[in-house]
Amino acid sequence: MSADMLAPAHAQPVDVLVVGAGFAGLYMLHKLRGQGLSAQVVEASDSVGGTWNFNRYPGARVDIQSLEYSFGFDEALQQTWRWTERYAAQPELLRYANHVADHFALRDGILLNTRITGAWFDGLAKRWQVQAETLPGAAQAGRSWSARYLVMASGPLSAPNLPDFPGLDDFAGPVYHTARWPQQEIDFSGLKVAVVGTGSSAVQLIPLVARQAAELTVFQRTATYAVPAHNGPIDPDFEARIKADYPGFRARNRRMRGGFGSEWPPNPSSAVAASPDELQASFERRWQEGGFVFLGAFDDLLLNAESNALAAEFVRGKIRAAVHNPATAKLLSPQHTIGCKRLCVDTGYYETFNRANVRLVDVSQHAIDGFTSDGLTTGGNFYRFDALVLATGFDAMTGTLMRLDLRGRGGLSIQQKWSAGPLNYLGLMVAGFPNLFNIAGPGSSSAFTNVIVSIEHHVEWIARCIHDLDAAGLATIEPTEAAEADWVAHVNAVAASTLLLSCNSWYLGANIPGKPRMFMPLPGFPAYAERCEAVAASGYPGFIRAA
Ligand code: NAP
């Protein structure tokens, strides 16, 4: 152990150190306190709310219905909170996170404006030594803790992807990243604005910026499948029906593949077996309902390429109907497997390209060559603008941990451990990193679910695991390398049995140059939850637990 790895004498002892005060960190703190454990949440930003504090771009809203995208572990909380919209917008989601913090009196366990810089496992003390730097607004100067357990509740989509565009620093106008949007309102009126990217964030932002800006130029590398949200005020009858048996609704959702959508279970038949009328009717019914239920129009859309092509062509038909200019409609029409990249849920995205002040530029054949002080060049053409929005996504699932100085047994760094991809067991733990838990990380089904359902599941599993260790008088737990290898093989085999490997998605790490290609999330929440339950109930096979 090197000198800098010795535990500082002033390190504050705590049972559990939790990184991040988003929904995962909030529930983890509540749960641990309920078990009589001491816990400290450390949060880099100025507020609880995680992703909903950072992603403040115009149009940011949830793509799972609000009545589902909310905690179900507390009946009083779910009965008293009232959502205003079918798909809540970012300000309302942030209010909800703050409400949760107040409702469970969590604030005194959360240190804001404090960023974890490093954590290492001290094998002798069997504790995590954790260091933080304080940011402006922090209550206290730099801190360190000595924790029995370390829980990463830092979010799967929290490390922004800032592509290495030549000359970007030369651009003289403001540059915004959707995932680091300023707190003050940005007024694009009268400006020429460029947006790079056409994923979920861009799809939400573009229609609103188009209404404000003098000109909007969208640089598209891959066209996007978007299904309508049909957002609006919460239907009071629907809300009353759900709240009449909220626990039942939650339980039914937990049995769904994605942990949501029990009101619209997948149509159990195959698209290729359907008649043209049946095809059209099923797709149309779900298009009119809006949201992710579209992908349940038939049960084999992500299993059978022919079925998938029928769904893809249905959406392309909708794009052709929505977009007046045939050349623009063609450029907006994706050709890849639908659902292979995360489906976007939109409000007027395609129609926005009918506006006279909006143009679409294809950068699929010619990458963005570089920026100058007043624009960018691609394919030999120069595009001038005043402000730039990077809607370029995230270094998903691993980015936040890989940007930390995180060291396990014997000083093994997470960068070494994950150099060929994020090895893990059950998506919850990593061999060589005892007592380190990861919430909604690679290897779990979080990315394919209503993430709140996954968060509740992970938090409850972790809390039980710690309880079981304490009850058995044990001090450490970590997976075996064999269990880890089997699990990663299992995740990739499940993905390979679907069409999910057929495109360049962030699920695969393919959106980040140089990132190892390994399919990270596990499709299918119920089977995943069953497996985690079986492991916990049968004495944690695949893990080494020690005194
Ligand atoms: P994203 O889906 O990864 O989209 C990033 C976009 O930037 C893509 O169009 C990508 O093109 C483009 N891009 C990246 N690097 C580029 C480069 N060097 N040159 C040109 N284009 C480049 O990111 P996101 O839109 O932020 O969404 C990420 C995830 O966050 C979503 O899948 C979803 O899970 C979540 N999210 C959810 C919501 C919601 O509705 N609640 C909203 C926002 C985000 P390629 O496709 O060619 O890589």
Side-chain angles (χ1 to χ4, degrees), residues 50-52 54-66 68-69 85 87-90 92-93 155-166 168 176-181 194-206 217-229 231 258 260 290-292 332 334-336 339-347 349 360-371 376 378-379 388-397 399 440 446-452 454 503-515 520-521:
T51 200
W52 300 111
F54 284 110
N55 291 265
R56 293 166 174 259
Y57 60 84
R61 64 177 67 249
V62 65
D63 56 6
I64 304 275
Q65 290 195 49
S66 319
E68 299 178 274
Y69 189 90
E85 289 184 286
Y87 294 96
Q90 173 272 329
E92 189 169 16
L93 289 152
L157 294 163
S158 50
N161 170 34
L162 186 63
D164 189 16
F165 291 124
L168 182 57
Y176 306 103
H177 194 292
T178 45
R180 286 291 180 273
W181 203 262
V195 173
V196 178
T198 52
S200 300
S201 303
V203 159
Q204 292 184 327
L205 166 132
I206 284 167
T217 308
V218 176
F219 295 91
Q220 170 187 282
R221 188 166 67 181
T222 308
T224 292
Y225 291 104
V227 293
N231 187 36
F260 69 100
F292 289 125
L332 284 170
Q335 301 303 322
H336 57 274
C340 175
K341 285 171 180 269
R342 170 130 163 162
L343 194 61
C344 298
V345 179
D346 83 302
T347 300
Y349 172 66
L360 182 64
V361 176
D362 177 16
V363 293
S364 64
Q365 305 304 315
H366 303 283
I368 292 170
D369 297 320
F371 284 77
L376 68 76
T378 172
L388 171 65
V389 175
L390 296 173
T392 45
F394 302 88
D395 183 352
M397 311 215 80
S446 60
F448 289 123
T449 65
N450 169 2
V451 76
I452 304 282
S454 288
C503 70
N504 288 331
S505 66
W506 60 254
Y507 302 140
L508 198 51
N511 63 327
I512 303 294
K515 186 165 174 169
M520 296 183 282

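As the structure lists them, so they are numbered: ligands from 1, and atoms in each ligand from 1. Since the structure is predicted, the reported quantities are computational estimates derived from the model, not experimental observations.
Nearest protein heavy-atom neighbour of atom 29 (C) of ligand 1: Trp506 NE1, 3.6 Å. With hydrogens left out, the protein atom closest to atom 40 (O) of ligand 1 is Gln204 NE2, 3.0 Å, a heavy atom. Looking only at heavy atoms of the protein, atom 45 (P) of ligand 1 is closest to Thr222 OG1, 3.5 Å. Ranking protein heavy atoms by distance to atom 33 (C) of ligand 1, first place goes to Arg342 NE, 3.6 Å. Scanning all protein heavy atoms for the shortest distance to atom 26 (O) of ligand 1 gives Ser201 OG, 2.6 Å. Looking at atom 10 (C) of ligand 1, its nearest protein heavy atom turns out to be Arg221 NH2, 4.3 Å.
Considering backbone and side-chain N/O of Tyr57, none are found under 3.5 Å from N/O of ligand 1. By the 3.5 Å distance cut-off applied to N or O atoms, Asn511 is not counted among the residues near ligand 1. In terms of polar-atom proximity, Asn504 is not counted as a contact of ligand 1, lacking any N or O under 3.5 Å from an N or O of the ligand. Checked against a 3.5 angstrom limit, the closest N/O atoms of Trp52 and ligand 1 fall outside it. Considering backbone and side-chain N/O atoms, Phe165 never comes within less than 3.5 Å of an N/O atom of ligand 1. Annotation: Thr178 places no N or O atom under 3.5 Å from an N or O atom of ligand 1; distance criterion only.
Of all atoms in ligand 1, listed by their number and element, those nearer than 4.0 Å to a heavy atom of Lys341 are 45 (P), 46 (O), 48 (O). The Val62 neighbourhood of ligand 1 comprises atoms 41 (N), with distances under 4.0 Å to a heavy atom of that residue. Taking every heavy atom of Arg61 and a limit of under 4.0 angstrom, the matching atoms of ligand 1 come to 39 (C), 40 (O), 41 (N). Taking a cut-off of under 4.0 Å to the non-hydrogen atoms of Leu157, the atoms of ligand 1 that pass are 29 (C), 30 (O), 34 (O), 35 (C). Ligand-side atoms of ligand 1 in range of Gly197: 6 (C), 7 (O), 9 (O), 12 (C), range being under 4.0 angstrom from any heavy atom. The distance from ligand 1 to the heavy atoms of Thr198 drops below 4.0 Å at these ligand atoms: 6 (C), 8 (C), 9 (O). Shown in contact with Pro163 at under 4.0 Å from a heavy atom are these atoms of ligand 1, numbered in order with element: 15 (N), 18 (N).
With Lys515 contributing its side chain and Ala396 its backbone, the two residues share a donor-acceptor pair below 3.5 Å. Remark: the backbone N or O of Ala88 is paired with a side-chain donor or acceptor of Ser66 at under 3.5 angstrom. Looking at Ser454, its side chain never comes within 3.5 Å of a backbone N or O of Ala440 through a donor-acceptor pair. For the pair Thr378 (side chain) and Ala367 (backbone), a donor-acceptor distance under 3.5 Å is present. Using a distance-only test at 3.5 Å, with no hydrogens or angles considered, no donor-acceptor pair links the side chain of Asn161 to the main chain of Gly393. Of the possible donor and acceptor atoms, one in the side chain of Thr198 sits under 3.5 Å from a partner among the backbone N and O of Thr222.
Side-chain contact between Phe371 and Leu388 is present, with at least one heavy-atom pair separated by less than 4.5 Å. Side-chain contact between Phe292 and Arg342 is present, with at least one heavy-atom pair separated by less than 4.5 Å. Two residues are said to be in side-chain contact when any heavy atoms from C-beta on lie closer than 4.5 Å; Tyr225 and His336 meet this criterion. For the pair Trp506 and Met397, the minimum side-chain heavy-atom distance is below 4.5 Å.
Val203 pairs with exactly one of Thr347, Asp63, Thr224 by the side-chain contact (heavy atoms from CB on, under 4.5 Å) rule, that one being Thr224.
One option in Ser200, Gly199, Gly393, Ala391 has a heavy atom closer to atom 7 (O) of ligand 1 than any other, and that option is Ala391. Residue Val196 holds the heavy atom nearest to atom 20 (C) of ligand 1 of all those in Val345, Leu162, Val196, Leu343.
Relative orientation of the Trp181 and Tyr176 rings is tilted, given thresholds of 30° and 60° on the angle between their planes.
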Does the ring-ring contact (aromatic ring centres under 6.0 Å, His included) test come out yes or no for Tyr69 and Phe260, once each step is laid out? CA-CA 9 Å; Tyr69 189 90; Phe260 69 100; over 10 Å; no
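At a heavy-atom cutoff of 4.0 Å, ligand 1 is contacted by the side chain of Phe394 but not by its backbone.
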